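As structure tokens, the structure follows; a few thoughts come after it.
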Amino acid sequence: MSDVIYCEGLKKTYKNVEALKDLSLSIGENKMIGLIGRNGAGKTTFLKTCAGYIRPTSGEISVLGGKPFDNLDVLSNIIFIDEEIQYNTSMRLGEIFRLGAIYYKNWDDAFAKKLLRYFSLDVKQKYKKLSRGMKTQFNMIVGLSSRAPLTLMDEPTLGLDVAVRKEFYQIILKDYMENPRTFILSSHLMSELENMLEEMILIHEGKVVFQKSIEELQSYAVLLNGKQEVLKPFLENKKVLNTETFGNSIIAGIVNDLSEKDTLFLENNNVDISKVKIEDIYIWLTKNGKGGGFDEFEG
Amino acid sequence: MRIEQDSIKPIYVQIAEGIEDDILKGVLEEDEQAYSQYQISKQFNVNPATAAKGINVLVAEGILYKKRGLGMHVAQNARVKIEGKRKKNFFSGMLKELMSEARKLNINKEELKKMIDDFKGGDENE
């Protein structure tokens with residue numbers, strides 16, 4: 001098997017809203033992938049389409065070698081976890097585990113119970129009685145215990161405090177190493193988990209803006225900070241992603257194609273060169289209109 | 001060994017340098033076992049492919065080697081190799097940084113030389 005997910009010109013339209021427009025990508029086997037995008041960018045629609053919850057309006061999608069919508073063979077190998085999961089109101093956690101074991105081929109019940117104990121939950125508890133954070137924890141436990149070859153998690157850490165989030169990142173990573181499979185995690189806290197990932201995909205307005213390795217993204221751009229008179233002419237020949245002025249200085253994010261000569265010039269002119277976080281690249285690439293932020297908004 | 005999120009250095013380079021530092025400091029001894037991909041990945045929450053890349057850089061340079069069935073080990077002459085490499089980098093990298101900061105502070109070369117001569121801290125770290 002080459003690609004776990006393959007999409008070509010995928011479209012999904014709700015009434016008159018185009019959630020996905022011409023989305024194309026492919027995702028290789030056993031990768032840990034991050035999915036980012038602004039609210040309403042199409043992330044959840046994309047994940048739900050992969051999970052077979054949504055039938056695309058047009059375009060091609062193949063997941064684990066088949067069309068996911070209404071396809072039980074494919075679906076028993078995919079799990080989709082989000083905060084909206086609904087179970088029958090009287091269901092106890094242990095009963096949900098039993099369903100998981102029926103539904104998912106690779107379900108690991110011992111692992112599920114171990115995680116349950118670790119997070120101080122009990123098989124006898126009712127799902128609907130859990131707090132929001134506990135529900136999130138439980139959903140994650142189900143997601144991991146399914147050991148589904150394609151595990152999709154939409155905002156898996158919503159409502160969890162930072163200590164529990166970190167524990168989960170460690171658990172996911174450890175389990176991924178012991179049982180390699182394909183993960184797609186969407187999160188608004190991507191900087192917390194970016195080093196766990198192999199690739200990141202940015203979706204904006206229903207399309208893929210980029211799909212790159214973390215390593216590539218972490219060195220994709222640099223931040224220059226120096227005097228306007230030095231930087232202004234220098235930036236003319238550069239791909240500038242963002243500029244801010246601060247007194248007499250410019251702080252500019254540019255695509256990192258600095259030659260040795262450039263670097264030397266910048267250093268000789270007291271221009272600081274520093275790292276750009278992936279988060280910032282993402283904000284710059286998806287900013288609306290002028291990108292002046294709140295200042296411009298106020299004006 | 002540690003990883004700086006704000007460093008401009010790629011994570012895999014930081015991993016390789018972290019292992020080198022531990023060899024220089026004697027935390028890892030020559031001919032003894034080094035960290036595995038799994039250990040690094042778990043300790044620093046990095047993707048196993050990233051950890052492997054950091055290790056492989058050192059394997060390619062002959063600083064680490066894989067002992068059959070026993071995992072990664074530190075090569076016998078690892079220290080010397082690292083020292084040689086670092087010395088080269090010292091001139092191109094650290095010295096450049098030093099000069100750049102000196103320029104900002106209007107310290108000229110003569111003054112800088114004098115500072116180095118007068119520098120008393122024979123301590124390893126500073």
Side-chain angles (χ1 to χ4, degrees), chain A residues 28 30-34 165-180 183 185 191-200 213-227 256 258 260 263-280, chain B residues 1-19 34-58 60 71-72 88-109 112:
Chain A
N30 295 345
K31 287 198 172 173
M32 180 78 87
I33 309 263
R165 288 204 299 275
K166 288 206 164 140
E167 276 175 326
F168 259 116
Y169 300 147
Q170 278 164 2
I171 292 169
I172 292 176
L173 199 56
K174 183 169 182 280
D175 194 51
Y176 165 67
M177 283 190 282
E178 287 166 2
N179 301 281
F183 275 92
L185 309 172
S191 59
E192 281 185 1
L193 52 90
E194 67 183 47
N195 288 327
M196 278 170 60
L197 308 170
E198 202 165 333
E199 282 178 14
M200 211 181 271
S213 75
I214 294 300
E215 199 189 307
E216 220 179 319
L217 282 171
Q218 284 176 336
S219 55
Y220 176 74
V222 284
L223 201 65
L224 307 179
N225 185 348
K227 269 167 99 175
N256 182 12
L258 297 177
E260 237 169 86
T263 311
L264 201 65
F265 169 81
L266 293 171
E267 278 167 358
N268 287 338
N269 285 284
N270 291 333
V271 176
D272 282 329
I273 307 172
S274 59
K275 179 173 173 160
V276 173
K277 291 190 203 109
I278 296 182
E279 217 166 59
D280 289 327
Chain B
M1 179 173 166
R2 59 181 182 166
I3 287 180
E4 306 256 5
Q5 297 299 344
D6 289 334
S7 167
I8 203 158
K9 280 182 192 158
I11 303 293
Y12 81 92
V13 175
Q14 291 193 47
I15 289 169
E17 288 182 354
I19 297 171
Y35 313 119
S36 69
Q37 170 192 14
Y38 184 89
Q39 277 176 313
I40 292 171
S41 182
K42 202 173 154 230
Q43 182 65 34
F44 301 103
N45 258 339
V46 298
N47 189 282
T50 311
K53 195 165 176 188
I55 291 172
N56 288 338
V57 169
L58 300 183
M72 282 301 156
K88 266 189 238 156
N89 291 347
F90 178 72
F91 289 109
S92 58
M94 293 217 172
L95 216 50
K96 213 158 74 180
E97 230 171 84
L98 182 72
M99 298 302 284
S100 150
E101 182 70 12
R103 206 177 300 112
K104 259 189 247 172
L105 301 174
N106 255 324
I107 300 169
N108 65 32
K109 247 185 200 166
L112 196 60

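Sequence lines set the chain letters: A, B, ... in the order given, protein chains first and strands last, and positions in each chain run from 1. Only a predicted model underlies this, so the values are computations on that prediction, with no experimental measurement involved.
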Exercise. Relative to chain B, which of Lys166(A), Gln170(A), Lys277(A) shows the most heavy atom pairs under 4.5 Å?
Worked result: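 Answer, by heavy-atom pair count under 4.5 Å with chain B: Gln170(A).
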
For this session: For chain B, find which of Asn268(A), Leu193(A), Leu223(A), Leu264(A) contributes the most heavy-atom pairs closer than 4.5 angstrom.
Result: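 So the answer, after comparing Asn268(A), Leu193(A), Leu223(A), Leu264(A), is Asn268(A).
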
Is [X] in contact with chain B via its backbone, its side chain, both, or neither, using a 4.5 Å heavy-atom distance?
X         : result
Leu197(A) : backbone
Glu215(A) : side chain
Lys31(A)  : neither
Ser274(A) : backbone
Met177(A) : side chain
Glu178(A) : side chain
Asn256(A) : neither
Asn269(A) : neither
Gln218(A) : side chain

Problem set entry | Nearest heavy atoms of Ser7(B) and Gln14(B), plus distance in Å |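 Distance-wise, the nearest heavy atoms are CB-NE2, 3.4 Å.
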
Point-to-point distance, once rounded to the nearest 0.5 Å, from [atom1] of [X] to [atom2] of [Y]:
X         : Y         : atom1 : atom2 : answer
Tyr12(B)  : Asn195(A) : OH    : CG    : 14.0 Å
Asp175(A) : Phe168(A) : CG    : CZ    : 11.0 Å
Ile3(B)   : Asn45(B)  : CD1   : CG    : 9.5 Å

Exercise. By a 4.5 Å heavy-atom criterion (distance strictly below it), what part of Glu97(B) contacts chain A: side chain, backbone, both, or neither?
Worked result: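 Neither part, no heavy atoms under 4.5 Å.
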
Problem set entry | Residue selection (most heavy-atom pairs with chain A, distance under 4.5 Å) from Ala49(B), Ala51(B), Pro48(B) |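 Heavy-atom pairs under 4.5 Å are most numerous for Pro48(B).
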
Problem set entry | Among the listed options Lys42(B), Gln37(B), Arg103(B), the residue most often paired with chain A at heavy-atom distances under 4.5 Å |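 Answer, by heavy-atom pair count under 4.5 Å with chain A: Arg103(B).
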
Problem set entry | Steps toward salt bridge (Lys or Arg N to Asp or Glu O under 4.0 Å) verdict (Glu167(A), Arg165(A)) | CA-CA 5 Å; Glu167(A) 276 175 326; Arg165(A) 288 204 299 275; over 6 Å; no

For this session: Determine the sole option in Val222(A), Leu224(A), Asn225(A) for which the side chain to side chain contact (heavy atoms under 4.5 Å, CB included) test with Asp272(A) is passed.
Result: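 When Val222(A), Leu224(A), Asn225(A) are each tested with Asp272(A), the side chain to side chain contact (heavy atoms under 4.5 Å, CB included) holds only for Asn225(A).
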
Exercise. Between Ser213(A) and Glu199(A), is any side-chain donor less than 3.5 angstrom from a side-chain acceptor?
Worked result: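 Looking only at side-chain atoms, Glu199(A) and Ser213(A) do not form any donor-acceptor pair under 3.5 Å.
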
For this session: Would you mind reporting whether Ile278(A) and Glu194(A) have side-chain heavy atoms less than 4.5 Å apart?
Result: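 Side-chain contact under 4.5 Å: yes.
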
Exercise. How about Lys88(B): does its NZ atom have over 12 heavy atoms from other parts shown lying under 6.0 Å from it?
Worked result: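 For Lys88(B), atom NZ is not crowded (no more than 12 foreign heavy atoms under 6.0 Å).
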
